[in-house]
Amino acid sequence: MSLEIRNLSFGYTSEPIFEGVSLKVKKGEVACLLGPNGAGKTTLFKTVLGLYKARQGQVLINGKDVSNWGRRDLAKEMGYVPQNHIPPFPYSVIDVVLMGRTAHINNYAVPSELDLQIAREAMENVNIAYLEDKNYTEISGGERQLVLIARALAQQPQILIMDEPTSNLDYGNQIRLLSHIKRLAKQGLSIIMSTHYPDHALYCADKAIMLKDGQIICSGTSEEVLTEHNLSKIYGIDVQIMNTVVKNGEQKKICIPVVA
């Protein structure tokens, strides 16, 4: 399933937060959105999800404009992982993950055994089955992030939007999550994620988009976009892209800041 953004713009007042953003992510692709704080990444995601009303432009799923779709229909197609989330009540972890099944459950109905099975499978996918009966408000920030990812997977979406999904995760869990994102794409999901780490985009992205001051600076394949010049332009520091050889002999690119 493909997601296309056409000339999308949004602003709270007369000043736009972002404008003229266009992007297409095909089935099985990972697109990484990079940009400094305040560039408009989170606001763009919320506009794509229909949480904010766009000033102009379109969001299309498989070529169909979703501007008139209901929340339930959108939730069946697009899953969202926010940067962080603090619930108003001390739900158990399994209850938080089961919330991802809401779009598939009729009003006033309760989750079925199938819903519970899907929620547990989502937790196993991100290796947090051991947290099932824990209080969500009492687990670590990194564990909460994994719970939010499991909740999105429990929706069984075809498109996954992830706002800095590695935030609060330790280094090992960051890499395990990125590997899982690559596996999900191979299974057919279309994935858009934001990140502050060029190495994460180099590791898993098919496409990359750079956003600064509400404008797309450049977009294209990760090879085309993730260059020393472009990264220096959006972050205001010198960087160097280097090739390194990993254990299996495969070459990988890494980004190193050049600090005087």
Side-chain angles (χ1 to χ4, degrees), residues 1 3 25 27-33 41-42 45 49 74-87 89-105 111-197 199-206:
M1 183 167 290
L3 173 68
V25 185
K27 178 179 179 179
E29 285 187 333
V30 178
C32 277
L33 179 63
K41 301 185 296 297
T42 298
F45 283 165
L49 289 158
L74 275 174
K76 288 179 180 178
E77 304 296 347
M78 288 197 289
Y80 177 50
V81 180
Q83 288 184 38
N84 51 59
H85 170 252
I86 300 176
F89 302 105
Y91 295 107
S92 68
V93 166
I94 187 62
D95 285 339
V96 174
V97 178
L98 272 169
M99 291 175 190
R101 299 299 300 158
T102 302
H104 301 273
I105 300 173
S112 66
E113 283 299 317
L114 177 60
D115 293 316
L116 185 59
Q117 178 186 336
I118 291 169
R120 284 174 169 154
E121 287 174 354
M123 293 176 65
E124 289 173 2
N125 275 341
V126 290
N127 299 314
I128 57 167
Y130 66 95
L131 293 174
E132 178 171 333
D133 297 320
K134 297 287 187 181
N135 188 321
Y136 178 73
T137 58
E138 295 176 359
I139 60 179
S140 71
E143 288 172 329
R144 281 201 297 271
Q145 191 71 7
L146 293 171
V147 172
L148 293 178
I149 293 166
R151 183 183 67 175
L153 293 177
Q155 286 178 235
Q156 297 183 310
Q158 298 301 307
I159 299 163
L160 195 56
I161 297 177
M162 312 178 82
D163 194 357
E164 296 183 35
T166 59
S167 64
N168 298 316
L169 297 183
D170 62 49
Y171 183 69
N173 276 324
Q174 286 182 24
I175 302 307
R176 280 186 281 271
L177 176 59
L178 293 173
S179 296
H180 190 67
I181 287 170
K182 291 173 72 173
R183 288 196 298 272
L184 290 172
K186 288 180 179 178
Q187 294 169 13
L189 264 71
S190 306
I191 300 173
I192 305 179
M193 59 176 278
S194 62
T195 181
H196 281 301
Y197 302 102
D199 282 333
H200 291 182
L202 287 166
Y203 178 76
C204 69
D206 301 293

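Treat the numbers as computed from the prediction; the structure is a model and nothing was measured. For reference, positions follow the sequence shown, starting with 1. Side chains included, hydrogens not; waters and symmetry mates left out as well; all remaining heavy atoms used.
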_I need the minimum non-hydrogen distance between Pro157 and Ala152, along with the two atoms involved._
CD-O, 3.3 Å
*For Gln83 and Asp163, indicate whether the former's side chain and the latter's backbone hold a donor-acceptor pair under 3.5 Å.*
no
_Any His180 side-chain heavy atom under 4.5 Å of Leu153 side chain_ = yes
*Roughly how far apart are Ile118 CD1 and Ser112 OG, rounded to 0.5 Å?*
7.0 Å
*Check Met162 against Ile191 and note the closest heavy-atom contact, atom names and distance.*
SD-CG2, 4.1 Å
*Do Asp115 and Leu98 touch side chain to side chain, with heavy atoms closer than 4.5 Å?*
yes
*If you take all heavy atoms of Val97 and Met123, which pair is closest and at what distance?*
CG2-CG, 3.8 Å
*Compare all side-chain heavy atoms of Met193 with those of Leu178 and state whether any distance is below 4.5 angstrom.*
yes
*Can you tell if the side chain of Gln155 reaches within under 4.5 Å of the side chain of Tyr80, non-hydrogen atoms only?*
no
*Which heavy atom of Ala154 sits nearest a heavy atom of Ala122, and at what distance?*
N-CB, 4.0 Å
*asked:* Rounded at 0.5 Å granularity, tell me how far CG in Asn135 sits from CG in Asp95.
replied: 10.5 Å
*Could you check if a side-chain atom of Pro82 sits within less than 4.5 angstrom of a side-chain atom of Leu148, using non-hydrogen atoms only?*
yes
*asked:* With a 4.5 Å cut-off on side-chain heavy atoms, are Ile94 and Leu116 touching?
replied: yes
*Taking atom OH of Tyr130 as the centre, report whether more than 12 heavy atoms of other residues, nucleotides or ligands fall under 6.0 Å from it.*
yes
*Any chance you could measure Lys27, atom NZ, to Glu29, atom CD, to the nearest 0.5 Å?*
12.5 Å
*Measure the CG-CG distance between Leu189 and Leu160 for me, rounded to the nearest 0.5 Å.*
6.0 Å
*Between Tyr91 and Phe89, how do the two ring planes meet: parallel, tilted or perpendicular, split at 30° and 60°?*
perpendicular
_To the closest 0.5 Å, what do you measure between OG (Ser167) and CG (Leu169)?_
6.5 Å
*Is there any salt bridge (Lys or Arg N to Asp or Glu O under 4.0 Å) pair reaching into residues 119-142, and which pairs are they, with sequence neighbours excluded?*
Arg120-Glu132
_Is the shortest side-chain heavy-atom distance between Glu143 and Val93 below 4.5 Å?_
no
*asked:* When you compare the side chain of Arg101 with that of Gln156, does any pair of heavy atoms fall below 4.5 Å?
replied: yes
*Reported CG-to-CD1 distance for the pair Asn173 and Ile128, which is rounded to 0.5 angstrom*: 10.5 Å
*If you look at every heavy atom in Glu164 and Gln145, which pair is closest and at what distance?*
O-NE2, 3.5 Å
*How close do Val30 and Cys204 get, heavy atom to heavy atom, and via which atoms?*
CB-O, 3.4 Å
